[in-house]
Amino acid sequence: MELSKNFDHQAAESKWYQHWLDKRYFNSKPDSREPYTVVIPPPNVTGVLHMGHCLNNTIQDILVRRARMQGKNACWVPGTDHASIATEAKVVQMLRERGIAKSSLSRDEFLKYAWEWKDKYGGIILQQLKKMGCSLDWDRTTFTMDPDYYQSVINVFIDLYNKGFIYRAKRMINWDVKAKTALSDEEVIRKETLQKLYHLRYAIEGTDKFVTIATVRPETIMGDTAICVHPDDERYKELHGKFAIVPLVNRRIPIITDEYVTMDFGTGALKVTPAHDMNDNQLGQKHNLEVVDILNDDGTLSADAQILVGEDRFAARKKIIPMLEEAGALVKTEDYTSEVGYSERNPDVVVEPKLSLQWWIEMKKIYSPALKAVMEEEIKFFPPKFKNLYRHWMENIKDWCISRQLWWGQQIPAWYTADGSFAVAATQEKAWEELKKTQPDLKMTDIKQDEDCLDTWFSSWLWPFEVFKGYSHPGNEDIKYYYPTNTLVTAPEIIFFWVARMIMAGFEYKQEKPFSEVYFTGIVRDKQGRKMSKQLGNSPDLLALIDQYGADAVRFGIMIASPAGNDLMWDESSNEQGINFIKKFWNALKLVKMWEGRQQKDLDNGKANFAVSWMENRLSQVKQQLDQQFKDFRLSESLKTIYSLIWDDFCSWYLEWVKPGFEQPIDADVYEKTVSFFEELMQILHPYMPFVTEEIYHTLREQKDDLTVKLLETGITPDNKILQTAVLLQEVITSLRDARNKAQLKPKETVKLHILTEQADLYASIETILAKQVNAEAVSYTSTPVNNTITVVVQKDKFFIETTTELDITAQREQLQKDLDYLKGFLLSVEKKLSNEKFVANAKPEVVDVERKKKADAEDKIKVIEESLREFSANGRE
RNA sequence: GGGACGUUAGCUCAGUUGGUUUAGAGCACUACUUUGACAGAGUAGGGGUCACUGGUUCGAGUCCAGUACGUCCCA
């Protein structure tokens, strides 16, 4: 078969992915095998693939493919979440393009359009994951608004409400004034923003004195209900218990004290606006302050502001400054940079802290099993540093605002009567029956369901069990078999919003952890260390990258740069490293295929035996290393291990050792072994680079199976003696080549090699390889130095290279001298240690022994080199 | 302001309970090598007072304290 010059990734990708699908390799059903279950962190249904997904899903695919090859029943469940805000924004945009205003639609009409959008554009990202080669069980694709899933979310709400864990209250939330909805904390993006810090003075009641505060939000002074100073602040002690007058509106507010105030920030006096600042609100609660809400839902000033009513908050800020100046209240203005929250979905919109009537979960009632499970490592975090972060958050847990003023999502199952009383129930009828108990005359049509829907995270926290219908159909075969799942791979950014809550839901509804391990990936950054984001435009087009470099090279590129648990600085050039790697072993494939037709039985005269048995041992050794690395989630490191095994051990050493001369035949057994090694190498690399490895596996020879499902076999127990001999052989080859190089011998020029050693029998097993690798026409053993040769010392053995070329002695001598200097320096440091009585007395005996051995070795080597140098001088004089 | 994590070669990182050769890898760099799998290659080479300052110890990249810088989280 004619082999193409290069690997054709496009042809291979479509061919093999379809083949795997046709064979249903990724589909899983419960059976007697051990399950290995992974649920995908569901991307937004509006999402498109970016580098973060690429990293995250490559890691999951590696874990899943490896588990599958280890004979486990691997099940990786795909799906998306409905992403209330993001999707609603997309739908509104679609409607706008068609000239339809959302406000002109009923809820049902709007939802019809939303489903239309979802069916047409949603889940593009799942198709993109196929391009990456992800081995997901597509039959299990789940959406957080699937009928059963939807009902489970509703039932969980009702259950939590009935348990008394859910309540409705007016509290501070993040408010998106454009979308007019509450936001969760993670939907708020903090950005460093240049602002002005205004110093304003408030008159002290009953005196002619003033107190000056600093604020970036002068338009909210009408909502001030106190001024707060630090109790120990000497400057303000005389103000304790007094009252101040808010400029322009002349409200009388108390001056309170609290240690919350930072004395050296601003003026040390803080205006307190409980309706418009999270911290101020807490202060307000603590000190029982009045709450004056001066903003409308759309961010304009309300009637309670008394002035500038109807103006947008930012227009009001501009307008109030001259007013304050005129009133003599503005003391000074300075530049100030601080973090301001913006809405994730409306990036230009500054989020408004706002008092609002919302639904909350009282987290203190459900968090404790989730904390315990992680602390006691029933659920293990990788890297473990995230345990601390998790504990800190859990121990300071705040109630969770779960209502959103949106239509796209699970509608809150609460029904209200005209007087505002309500009932939580699965259906309107049940709610009506409940409410009738206190209001006997109530008609069913008199009650109205809550307009709001639930936070998307309130559905995705059920993900690990509800993808198997573990709540909607408890006790089914799937949930019994697959739950708890094994590994969750996710970004540390959502440790609280998703990971922690899934653990809580798992214990609350399955009485069991949702997963055993959580692997937190790093954040993908660009070369300059900036986080990849749409706004910066530094996020590459992944599909274009896959098109250009191939999925395997892209997967390699991101994994090689991805240290466990750290952020990764991603650079497009890492894809080139992937391409080069593929080319390297594709060329090896070409070499091996060249030998296919040149096999000859019983040809081997012992030359290749060592190479074959070394490669076998080396492979087993690496397999053991890989097992450990996978246990520790050191995936980048294990890829490096495989990379080096293929490039250095297999291509650079092994293939050179067994390579027959130009157009010469190869021993049939050696060829057979070589093909098997190649297959095994492709097999261990397969989880990282599935396409090219499958392609090569089938090109090497006719196969009955596919690599994707081929079981990994445990190798033999590595023989250390053979491994050590190979290390010696490599060291000798390198040193001799170096010597040849320095003596400027041409590669084609043959030499005669004389070896002075006490382990001649060891060299007998490797001398053919050695001779070939250093281009020696003859190898002999000697007990005395050979004159007029290049001398090389490796460990305790000496090598004399006899050549017909005139030798440049100075270069050799310099090299020997350099080695000698190093060894003497080294010896000195060892001797210093050994002559230290305290060291010999205190250190462990085996450590002292090691030092003694180091000393002896160094002395031996020095002796050998000094001899050589002496011979040199002797020869030089001749 | 509170907390977490980090700082090792030009770049990205290893360095597992303190002692296996006066610190390792990949990439990049330099020199040499092109009819023989591979120049997107081969062979070899140069490159680090392990951020800084103290401390513990016979011994510190490794442990402790502080300083500087950086990143992230929370407020």
Side-chain angles (χ1 to χ4, degrees), chain A residues 3 5-6 185 190 260-265 278-279 282 339 383 385-389 391-393 396 398 492-493 495-496 522-523 525 527 529-531 560-571 573-574 576-595 628 632 634 636-637 639-641 643-644 647-648 651-652 655-656 659-664 733-735 737-742 744 746-748 822-830 832-844 846-851 853-855 857-858 861:
Chain A
L3 201 53
K5 184 162 185 293
N6 294 319
D185 289 342
R190 292 168 185 280
Y260 164 76
V261 178
T262 313
M263 284 190 267
D264 50 12
F265 177 79
M278 302 278 181
N279 299 311
Q282 281 175 12
E339 297 215 309
K385 65 179 178 187
F386 288 109
K387 270 172 75 175
N388 273 338
L389 186 66
R391 183 178 62 201
H392 185 259
W393 186 77
N396 297 283
K398 298 199 178 82
E493 301 160 312
I495 181 170
F496 311 132
I523 294 164
R525 299 174 178 281
K527 240 172 154 179
R530 299 175 308 176
K531 205 166 152 176
I560 201 76
S562 178
N566 285 328
D567 291 358
L568 66 128
M569 307 295 166
W570 188 85
D571 180 31
S573 66
S574 63
E576 273 159 35
Q577 203 187 336
I579 288 260
N580 290 347
F581 182 40
I582 290 171
K583 295 224 168 158
K584 182 67 187 179
F585 58 83
W586 189 262
N587 278 318
L589 172 71
K590 285 198 281 190
L591 176 66
V592 172
K593 290 302 278 186
M594 268 170 52
W595 301 339
Q628 191 55 47
D632 299 337
R634 307 173 82 132
S636 183
E637 205 171 303
L639 177 57
K640 282 175 187 156
T641 303
Y643 177 81
S644 164
W647 198 306
D648 302 328
C651 293
S652 297
L655 288 180
E656 293 297 334
K659 187 195 246 177
F662 184 53
E663 293 190 334
Q664 295 294 304
I733 291 169
T734 304
S735 302
R737 278 176 177 168
D738 184 31
R740 286 185 58 124
N741 226 357
K742 289 208 166 96
Q744 295 192 299
K746 292 265 181 297
K748 282 181 189 164
Y822 172 84
L823 281 167
K824 280 187 169 169
F826 174 66
L827 183 63
L828 211 65
S829 76
V830 176
K832 210 167 114 193
K833 231 185 232 185
L834 284 168
S835 63
N836 183 337
E837 280 169 33
K838 285 181 180 169
F839 170 72
V840 180
N842 292 327
K844 278 181 275 182
E846 53 271 31
V847 173
V848 179
D849 283 349
V850 167
E851 293 301 318
K853 190 174 180 306
K854 281 198 229 169
K855 182 175 180 241
D857 284 355
K861 276 193 220 168

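The sequence lines fix the lettering, A, B, ..., with proteins before strands; numbering per chain opens at 1.
- With A/Ser829 contributing its side chain and A/Phe826 its backbone, the two residues share a donor-acceptor pair below 3.5 Å.
- With rounding to whole Å, A/Ile579 atom CD1 is found 17 Å from B/A39 atom C1'.
- Electrostatic pairing of A/Lys854 and A/Glu851 counts as a salt bridge here, judged by a charged N lying under 4.0 Å from a carboxylate O.
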Q) What do the steps show when you test A/Phe581 against A/Ile560 for side chain to side chain contact (heavy atoms under 4.5 Å, CB included), and what is the final call? A) CA-CA 12 Å; A/Phe581 182 40; A/Ile560 201 76; over 6 Å; no
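- Counting only distance, with no hydrogens or angles, the side chain of A/Ser644 and the backbone of A/Lys640 share no donor-acceptor pair below 3.5 Å.
- Atom C1' of B/G61 sits at a distance of 14 Å from the matching atom of B/U22, rounded to the whole Å.
- Comparing the same atom, C1', in B/U12 and in B/U53 gives a spacing of 29 Å after rounding to whole Å.
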(Q) I'd like to compare against my own output: the B/S/- annotation of nucleotides 17-35 of chain B with a strict under-4.0 Å heavy-atom distance to protein. (A) --BSBB---SS--------
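- Across all strands shown, B/A39 remains unpaired; no Watson-Crick or G-U wobble contact has both distances below 3.5 Å.
- Atom CD1 of A/Ile523 is separated from atom C1' of B/G6 by 13 Å (rounded to the nearest Å).
- In this entry the distance linking CZ of A/Phe581 with P of B/A41 reads 13 Å, nearest Å.
- Judged by distance alone, the side chain of A/Asp632 and the main-chain N or O of A/Arg634 form no donor-acceptor pair under 3.5 Å.
- Of the candidates B/C38, B/A44, B/U43, the closest approach to any side-chain atom of A/Thr734 belongs to B/A44.
- Both A/Asn836 and A/Ala588 lie close to RNA chain B; mapped to their nearest nucleotides by heavy-atom distance, the more 5′-ward contact belongs to A/Ala588.
- Under the Watson-Crick or G-U wobble criterion, with both distances below 3.5 Å, B/C63 is paired with B/G55.
- The base of B/C38 lies close enough to the side chain of A/Lys584 for a donor and an acceptor atom to sit less than 3.5 Å apart.
- Among the protein residues, A/Ser644 comes within range of no part of the nucleic acid, since none of its heavy atoms lies under 4.0 Å from any strand.
- Aromatic ring orientation, A/Trp647 versus A/Tyr643: tilted (interplanar angle from 30° to 60°).
- Taking the P atoms as reference points, B/U49 lies 32 Å from B/A4, given to the whole Å.
- Going from the P atom of B/U57 to that of B/U67 covers 23 Å, rounded to whole Å.
- If you check B/A9 for Watson-Crick or wobble pairing at under 3.5 angstrom, you find it has no partner at all.
- In this entry the distance linking CH2 of A/Trp393 with C1' of B/A75 reads 16 Å, nearest Å.
- With a cut-off of 3.5 Å on both pairing distances, B/U49 has no Watson-Crick or G-U wobble partner at all.
- Residue A/Asn6 is the one, among A/Asn6 and A/Ser735, whose nearest nucleotide of RNA chain B lies closer to the 5' end (criterion: closest heavy atom).
- Between A/Lys659 and B/A37 there is a side-chain polar atom (N or O) within less than 4.0 angstrom of OP1 or OP2.
- Pairing for B/U34 is absent, with no Watson-Crick or G-U wobble pair whose two atom distances lie under 3.5 Å.
- Atom CG in A/Asn396 sits about 10 Å away from atom P in B/A75, given to the nearest Å.
- Across all strands shown, B/A23 forms no Watson-Crick or G-U wobble pair with both key distances under 3.5 Å.
- The distance from atom CD of A/Glu656 to atom P of B/A37 is 8 Å, rounded to the nearest whole Å.
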(Q) Before you tell me yes or no, could you show the steps for A/Phe839 and A/Asn842 under side chain to side chain contact (heavy atoms under 4.5 Å, CB included), namely the whole-Å CA-CA distance, both residues' side-chain angles and the distance that decides it to 0.1 Å? (A) CA-CA 5 Å; A/Phe839 170 72; A/Asn842 292 327; over 6 Å; no
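- B/A14 atom P lies 14 Å from atom CG of A/Asp632, rounded to whole Å.
- Comparing the C1' positions of B/G19 and B/C11 gives a spacing of 31 Å, expressed to the nearest Å.
- Looking at the side chain of A/Glu637, the nearest of the listed nucleotides B/A37, B/A44, B/A14 is B/A14.
- The pair A/Asp857-A/Lys853 meets the salt-bridge criterion, since a charged nitrogen lies less than 4.0 angstrom from a carboxylate oxygen.
- The distance from the CG atom of A/Asp738 to the CZ atom of A/Arg740 is 12.0 Å, given to the nearest 0.5 Å.
- No contact: A/Gln628 has no heavy atom under 4.0 Å from any strand.
- A straight line from CZ of A/Phe386 to C1' of B/G6 spans 12 Å, rounded to a whole angstrom.
- B/A28 and B/C5 have their P atoms separated by 35 Å, with the value rounded to a whole Å.
- B/C63 sits 15 Å from B/U8 when the P atoms are compared, rounded to a whole Å.
- Residue A/Lys398 is classed as a sugar-phosphate contact, given heavy-atom separations below 4.0 Å to backbone atoms only.
- Between B/C58 and B/U16, the distance separating the two P atoms is 23 Å to the nearest Å.
- At distances below 3.5 Å, at least one donor-acceptor pair connects side-chain atoms of A/Asn396 with backbone N or O atoms of A/His392.
- Judged by Watson-Crick or G-U wobble contacts below 3.5 Å, the nucleotide B/U16 has no partner.
- With a cut-off of 3.5 Å on both pairing distances, B/A28 has no Watson-Crick or G-U wobble partner at all.
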Name the pairs: protein N/O against N/O of nucleotides 2-5 of chain B, kept only if under 3.5 Å.
none

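- Looking at A/Lys590 and A/Asn587, their side chains do bring a donor and an acceptor atom within 3.5 Å of each other.
- Between the NZ atom of A/Lys855 and the CG atom of A/Leu827 there is a distance of 7.0 Å, given to the nearest 0.5 Å.
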